[in-house]
Amino acid sequence: MKRLFLLSIVFAAVSISGYAQEKTAPRTDYSVSLSENVVKLKPGETKQLTVTVLKSKSYSRSATKLGLSSALPAGVSVVYEPAEGMFESSIASITAAPDSKAVEYQVILKTSVNNKIKGSIVKVVVENSVAKDAVSAN
């Protein structure tokens, strides 16, 4: 009897912890989350982050469109795959051109669902790899 009771407590604890880790869609809207809030790049490098869009029931049949609400620093580009359609997540590839200068910049990634727009801020840091190599050589 004690064994059955302990087993049921363990099962309940596992069920509750699994439920708490799931992300649930909002009741009447949609939410956006990013896998990272800061992306650090060296010139010539590309990093990817996941953009997750959770939609309520009323938004579930609406297409999602991704874009930018801010300008990008010179030499930095953002490409989404996919950028538009029916999806729950997209990959944003952020690239620093080989001749990019060191810069820290806040970029607003735009999400539009059913004509409602939301922005998510990601800090893009292009590091000057030449200066770091020179310091480590000494």
Quiz item: Is there a donor in the side chain of Lys55 and an acceptor in the side chain of Thr64, or the other way round, less than 3.5 Å apart?
Solution: yes
Exercise. Using the salt bridge (charged side-chain N to carboxylate O under 4.0 Å, His left out) rule, collect all pairs that involve residues 105-117, keeping only residues at least two apart or in two chains.
Key: Asp29-Lys116
Practice problem: Sort and list the pairs that fulfil ring pair (Phe, Tyr, Trp, His ring centres under 6.0 Å) and have at least one residue in residues 97-120, not counting sequence neighbours. | Solution: none
Quiz item: Is the backbone of Tyr30 close enough, under 3.5 Å, to the side chain of Lys118 for a donor and an acceptor to pair up by distance?
Solution: yes
Self-check item: Any Pro98 side-chain heavy atom under 4.5 Å of Pro43 side chain
Solution: no
Quiz item: Should we say atom CD of Glu36 is surrounded by more than 12 heavy atoms from elsewhere, each under 6.0 Å from it?
Solution: yes
Quiz item: Rounded to the nearest 0.5 Å, how far apart are OG of Ser35 and CD1 of Ile91?
Solution: 7.0 Å
Quiz item: Is there a side-chain contact between Leu109 and Leu68, using heavy atoms and a 4.5 Å cut-off?
Solution: yes
Self-check item: Separation of Lys65 NZ from Asn114 CG (nearest 0.5 Å)
Solution: 13.5 Å
Quiz item: Where do Pro82 and Ser90 come nearest, in terms of heavy atoms and distance?
Solution: O-OG, 2.6 Å
Quiz item: Side-chain contact, heavy-atom cut-off 4.5 Å: Thr52 with Val32?
Solution: no
Quiz item: For Gly67, does its backbone N or O pair with a side-chain atom of Tyr80 as donor and acceptor, under 3.5 Å?
Solution: yes
Quiz item: Distance-only, no hydrogens or angles: does the Ser100 side chain make a donor-acceptor pair with backbone N or O of Gly75 under 3.5 Å?
Solution: yes
Quiz item: In Å, rounded to the nearest 0.5 Å, how long is the span from CD of Gln106 to CG of Asn37?
Solution: 10.0 Å
Quiz item: Is Val125 isolated, or which residues cluster with it under the ILVMFWY side-chain rule of less than 4.5 Å, directly or via members?
Solution: Val38
Quiz item: Considering the options Val76, Val107, Thr46, which one meets the side-chain contact (heavy atoms from CB on, under 4.5 Å) requirement together with Ile94?
Solution: Val76
Quiz item: Could you state the interatomic distance from CD (Glu84) to OG (Ser112), rounded to the nearest 0.5 Å?
Solution: 9.0 Å
Self-check item: Stepwise side-chain contact (heavy atoms from CB on, under 4.5 Å) check, Val79 with Thr95
Solution: CA-CA 8 Å; Val79 176; Thr95 303; over 6 Å; no
Quiz item: How many angstroms lie between CG in Leu54 and OG in Ser89, if you round to the nearest 0.5 Å?
Solution: 9.5 Å
Quiz prompt | Which atom of Met86 lies closest to which atom of Ser60, heavy atoms considered | solution = CE-O, 3.3 Å
Practice problem: Say whether Leu72 and Leu66 are linked into one hydrophobic cluster, either directly or through other cluster members, by side-chain heavy-atom distances under 4.5 angstrom. | Solution: yes
Quiz item: Where is the tightest heavy-atom contact between Lys40 and Glu45, given as atom of each residue plus distance?
Solution: O-OE1, 4.2 Å
Exercise. Looking only at non-hydrogen atoms, find the nearest pair between Leu41 and Lys47 and report the distance.
Key: CD2-CG, 3.1 Å
Quiz prompt | Shortest non-hydrogen separation from Leu34 to Ile121 and the atoms involved | solution = CD1-O, 3.9 Å
Practice problem: Please report the shortest heavy-atom distance between Gly119 and Ile108, naming the atom on each side. | Solution: CA-CG2, 3.8 Å
